[in-house]
Amino acid sequence: MALFSEFRSALHPFRPRLRDSLGAYKRQHALADIGAGITVGIVALPLAMAFAIASGVKPEAGLFTAIIAGFLISALGGSNVQIGGPAGAFIVIVYGIVERYGLANLLIATSLAGLLLFVMGWLKLGALVRYIPVSIVIGFTNGIAVLIGLSQIKDLLGLQIAKMPADFFTQLKVLAAHMGSINPWALMLGLGCLAVVVIWPKTYAAPEFAKGWWHKARQLAAQVPGTVIALVGATVLAQSLGLEVETIGSKFGGIPQALPAFALPEFTWATAKQLVIPTLTIALLGAIESLLCARVADNMADIPRHDPNQELMAQGLANFVTPFFGGIPATGTIARTVTNVRAGGRTPIAGMVHALTLLLIVLIAAPLAVHVPLAALAGILLFVAWNMGEWREFARLKHFMLPYRVVLLGTFVLTVVFDLTVAVEMGLIAACGFFIFRMSTLFRVSPVSHAELPPGVAVFELYGSLFFGAVGKIEALPSQLPSDCRVVVLEMHRLVSMDTSGLDALEQLWHALKKRNLGLVLASVNEQPLGLIRRSGFEAQLGEEHIVPSVGEWAAPPPDTGVNR
């Protein structure tokens, strides 16, 4: 019974932030949340379709994900303002999985990743995501941004390519081979949309104290997202001029005017075994993106900080459920979350309203989406890719040490050339390798002179952490002893920690000294090393009298070291 209680205490309780928010909910909160939710829903509309198309699935998959996963993440999550849904970071991952394993296996991998995310939160592993070095996060984020931009070249230029490959170099080869089929109308629409999205907020933002109908009109226009203006403008222009460009309708046949029915994908354990890597990739990226996004949101508004474990549990449930309705992986999205905060959203109600707004748009205006040019969505995604990357970090690399540069650039290149899983794995290995090397260089064994000690006593001060990467300095100690040495004293008050490899090195040192009829004394041992020495039984072997509070206390009078003084 006690064991069961300890197990339960180690698990994170399921307590959505919505439950706490409703306790002091007021009318003004509702008005702010509804306004913010509607705004975010309008912003999410073009992005959800664009992310789905770029991922190699139908546009409605992105909309269904934004509706279902967005509602669940807000209702069950651990953040007041986080908005969930399909994200640009998943584009390359989803496209690669669909190409290699097929759409049905993508749905299975997403559900399995959802289970893994929920278990991670349940076991209170949310904080571990924060230990991923920032150089790795920047490296793979910039790499994904490059791949997103590359994937949009086809639709931006209107190239006649039936299906783009997933491999980076093959994509370059295919694009180069089809450059003769550029559609100038598609290129103009795409660049026009890109320009509108970039310029719109800056051009139409009215001065704070502006008066008159013109300034009020500008202020009102600034409230409409530039992505919506670009999408509507490009669609109207293409239809009114009869431009021959590829649209959602010509490629996908339109968007259903209802949510799909619940359907279980065909599942077998044989298939699940093949999806281990895709599952881990989706779960890892989803956890990183959602928790990074929640941390950004925490610093933008006066709201309670997010609960990372509850957020992972909500992300897990959303990703587990959404594939049963044809959805793709979902996570926290920075652009929509920032829009929510700036629009006044302060509780999870805003995120739930955002999902309901999208649902209403799908039920009413889905037939209009058939006329949306793919080039317009490509222009919007190019802007998303540019904003997603932290390009200034490349210019700042010269200010950082070699390990940071190697990890960031290595993760970036591996993400672009291979895939995210390989990039993160190799990035973590490199980061760990550099960390071990750095910690090993910080560990020192320095000779110290003590006038009060008799001749033949060699004192060495240990500084830092004695772990497996630094044991070589202890192993080399016997060869550094003077010829008249009879006792070795290790002063350990600056030794902050020691692992079992370090303990083994001390034991081997003791054996080596014993063979030479030399004594070993440990002085000023800190709590962590001393606890390990006692639990391992080394204290009993060495003798309690050989572990002293300080070198001075050992010197007067000294304990019996087992050698003739």
Side-chain angles (χ1 to χ4, degrees), residues 47 49-59 61-62 86-103 105-106 109 139-184 186-187 189-191 193-194 245-248 250-252 277-278 281-282 285 328-329 373-389 391 394 409-427:
L47 295 179
M49 292 191 295
F51 290 154
I53 293 172
S55 300
V57 298
K58 293 183 177 181
F90 273 122
I91 289 176
V92 180
I93 306 303
V94 173
Y95 191 89
I97 294 174
V98 171
E99 281 288 293
R100 184 175 299 180
Y101 302 98
L103 179 59
N105 286 330
L106 167 67
F140 79 67
T141 300
N142 286 6
I144 290 173
V146 168
L147 292 174
I148 291 173
L150 181 65
S151 69
Q152 297 311 299
I153 299 299
K154 167 187 170 293
D155 289 332
L156 180 72
L157 302 180
L159 302 180
Q160 300 301 310
I161 302 174
K163 194 169 184 64
M164 284 290 290
D167 177 70
F168 173 71
F169 292 109
T170 308
Q171 283 185 357
L172 293 178
K173 183 178 179 180
V174 170
L175 288 173
H178 289 80
M179 278 298 171
S181 62
I182 293 178
N183 183 334
L187 178 59
L189 283 177
L191 293 179
C193 286
L194 177 59
V245 293
E246 195 171 24
T247 64
I248 288 179
S250 64
K251 184 169 183 178
F252 300 104
I277 297 301
T281 303
I282 294 172
L285 183 57
I328 57 178
L374 296 184
L377 295 176
I380 292 172
L381 278 183
L382 284 176
F383 179 74
V384 171
W386 176 258
N387 273 351
M388 181 178 175
W391 313 111
F394 289 130
L409 291 176
T411 306
F412 172 75
V413 172
L414 289 173
T415 300
V416 173
V417 176
F418 294 99
D419 59 50
L420 175 67
T421 307
V422 173
V424 173
E425 288 174 352
M426 297 306 297

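Predicted, not measured: the structure shown is a model, and the values here were computed from it.
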CD1 (Ile91) and CE (Met388) are apart, to the nearest 0.5 Å, by 8.0 Å
For Leu175 and Lys154, the nearest pair of non-hydrogen atoms, with its separation, is CD2-N, 4.1 Å
dist Leu156:CG -> Cys193:SG (nearest 0.5 Å) comes out at 9.5 Å
Around Lys251, counting heavy atoms of other residues, nucleotides and ligands shown, do more than 12 lie under 6.0 Å from its NZ? yes
Correct closest heavy-atom pair for Ala145 and Ala385 would be CB-O, 3.3 Å
| Do Phe412 and Val146 touch side chain to side chain, with heavy atoms closer than 4.5 Å? | yes
Distance col, row Lys58:NZ vs Leu103:CG, nearest 0.5 angstrom, shows 9.5 Å
Leu189 and Ala375 have their tightest heavy-atom pair at CB-CB, 4.5 Å
In this structure, CH2 of Trp391 is separated from OG1 of Thr141 (nearest 0.5 Å) by 9.5 Å
- Query: Does the side chain of Phe252 come within less than 4.5 Å of Pro59's, by heavy atoms?
  - Reply: yes
Considering only heavy atoms from C-beta outward, does the side chain of Leu374 approach that of Thr247 to under 4.5 Å?
no
dist Leu381:CG -> Leu47:CG (nearest 0.5 Å) comes out at 7.5 Å
So, does Thr415 use its side chain to make a donor-acceptor pair with the main chain of Ala423 at under 3.5 Å? no
Can Leu377 and Asp155 be said to form a side-chain contact (heavy atoms from CB on, under 4.5 Å), step by step?
CA-CA 8 Å; Leu377 295 176; Asp155 289 332; over 6 Å; no
With the side chain counted from C-beta on, respond yes when Val94 and Pro329 share a heavy-atom pair under 4.5 Å apart, and no when they do not. yes
Got a list of side-chain donor-acceptor pairs under 3.5 Å for residues 162-169, not counting sequence neighbours?
residue: Lys163; atom: NZ; partner: Glu99; partner atom: OE2; Å: 3.4
residue: Asp167; atom: OD2; partner: Phe169; partner atom: N; Å: 3.3
residue: Asp167; atom: OD2; partner: Thr170; partner atom: N; Å: 3.0
residue: Asp167; atom: OD2; partner: Thr170; partner atom: OG1; Å: 2.9

What one should report as the nearest heavy-atom pair of Ala186 and Val245 is N-CG1, 3.6 Å
Do Asn183 and Leu157 come within less than 4.5 Å of each other through their side chains, counting heavy atoms only? no
For this session: Walk me through it: do Asn142 and Thr411 pass the test side-chain contact (heavy atoms from CB on, under 4.5 Å)?
Result: CA-CA 9 Å; Asn142 286 6; Thr411 306; over 6 Å; no
| field | Evaluation steps, side-chain contact (heavy atoms from CB on, under 4.5 Å), between Leu285 and Phe140 | value | CA-CA 10 Å; Leu285 183 57; Phe140 79 67; 3.7 Å; yes
Note, Phe51 side chain near Ile328 side chain (heavy atom, < 4.5 Å)
no
Here the pair of heavy atoms bringing Leu159 nearest to His178 is CD2-O, 3.3 Å
d(Asp419 CG, Leu414 CG) to nearest 0.5 Å is 9.0 Å
Here the pair of heavy atoms bringing Ala61 nearest to Val57 is CB-CG2, 3.9 Å
Self-check item: Side-chain touch Ile380/Leu194, heavy atoms, less than 4.5 angstrom
Solution: no
Flag the pair Pro278 / Tyr101 as yes when at least one side-chain heavy-atom distance between them is below 4.5 Å, and no otherwise. yes
* To do: Report the C-alpha distance between Ile97 and Thr281 in whole Å, list the side-chain angles of each, state the deciding distance to 0.1 Å, and finish with yes or no for side-chain contact (heavy atoms from CB on, under 4.5 Å).
  => CA-CA 10 Å; Ile97 294 174; Thr281 303; 5.8 Å; no
